[in-house]
> 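For reference, the structure I am asking about is given below.
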Amino acid sequence: MTRTTDSLIPKLQEYVAANATAPDEILRDLADETEKLFPDDNFMQIAPEQGAFMTLLVQISGAERIVEIGSFTGYSALCMARGLRPGGSLLACDISEEWTSVAQRYWKRAGLDDTITLKLGPALDTLRALPMEPQFDLAFIDAEKEDYVEYWEELVPRIRPGGLLLADNTLHHGQVVDPEENATNVQGIRAFNARVHEDDRVEHVLIPIGDGVNLARKK
Ligand SMILES: C[S@@+](CC[C@H](N)C(=O)[O-])C[C@H]1O[C@@H](n2cnc3c(N)ncnc32)[C@H](O)[C@@H]1O
């Protein structure tokens, strides 16, 4: 890749973001408050254009039951819940009371506090305690990168045939292709992408939106 192309990438990213459905006032306030309260952690929030993409995916797929692993201050859950059909539900799993207390305020403000149920506790415990039925229509994985493969193994049997699984940060700032980069979270993402790729229960594609979304459909 040339230097010129490198320097164009941030401009292209801005262009992509500017040409997606814009976040409304609630999402903008949530992003602003997250940045103000948690300046060292707000990078964890999904990108606004990714939020628009996820709302669309929920709408297009007609999902009624969603599970999210890793909610932080609630941005991605809010985007997905907005795409749900009437009567739909989203189970949000996280370990942080502090971060999810912000999420709960914004879910309430968006009129989604009856739609989204928060489950505090390690997500693997929460998933393992869930019955196999009724199955979910869509799962979003966005917690510990080292645990992505384990989340996957618990989630795939709990998703209905034709249902979707999405995982965030699957390009990990481009580090997945950097042979010098061997941090455990990057290794976790590489192992996850490899597992999804060889898993013949699904068909999938790695989408370069935000920090990379691996989107799979259960056969
Ligand atoms: C990348 S952030 C999620 C960002 C969120 N999806 C958004 O759009 O703002 C990761 C979240 O995973 C949560 N987390 C970390 N370890 C976890 C675990 N073992 N079980 C459940 N949640 C966990 C963290 O508390 C954090 O809120």
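One-based numbering, in listed order, for ligands and for the atoms of each.
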> Picking from Arg105, Lys36, Arg109, what satisfies salt bridge (Lys or Arg N to Asp or Glu O under 4.0 Å) with Asp29?
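Going through Arg105, Lys36, Arg109 one by one, the salt bridge (Lys or Arg N to Asp or Glu O under 4.0 Å) with Asp29 is satisfied by Arg109 alone.
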> Residues in side-chain contact (heavy atoms from CB on, under 4.5 Å) with Thr117, at least two apart?
Leu91
> Distances under 3.5 Å, N/O of ligand 1 against N/O of the protein: list each pair and its distance.
residue	atom	partner	partner atom	Å
ligand 1	6 (N)	Gly70	O	3.0
ligand 1	6 (N)	Ser76	OG	2.8
ligand 1	6 (N)	Asp142	OD2	2.8
ligand 1	8 (O)	Ile46	N	3.4
ligand 1	8 (O)	Ser76	N	3.2
ligand 1	8 (O)	Ser76	OG	3.0
ligand 1	20 (N)	Ala123	N	2.8
ligand 1	25 (O)	Asp94	OD1	2.6
ligand 1	27 (O)	Phe72	N	3.1
ligand 1	27 (O)	Asp94	OD1	3.4
ligand 1	27 (O)	Asp94	OD2	2.7

> Going by side-chain contact (heavy atoms from CB on, under 4.5 Å), name the residues that satisfy it together with Ala17, two or more places apart in sequence or in a different chain.
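For Ala17 the side-chain contact (heavy atoms from CB on, under 4.5 Å) partners, ignoring immediate neighbours, are Glu49.
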> Might you confirm whether atom CD of Glu198 has over 12 heavy atoms from other residues, nucleotides or ligands at distances under 6.0 Å?
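Count over threshold, so yes.
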> Using the side-chain hydrogen bond (donor to acceptor under 3.5 Å, both in side chains) rule, collect all pairs that involve residues 54-65, keeping only residues at least two apart or in two chains.
Glu64-Arg85
> Between the side chain of Arg158 and the main-chain N/O of Glu154, is any donor-acceptor distance below 3.5 Å?
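Yes, because the side chain of Arg158 sits within donor-acceptor range (under 3.5 Å) of the backbone of Glu154.
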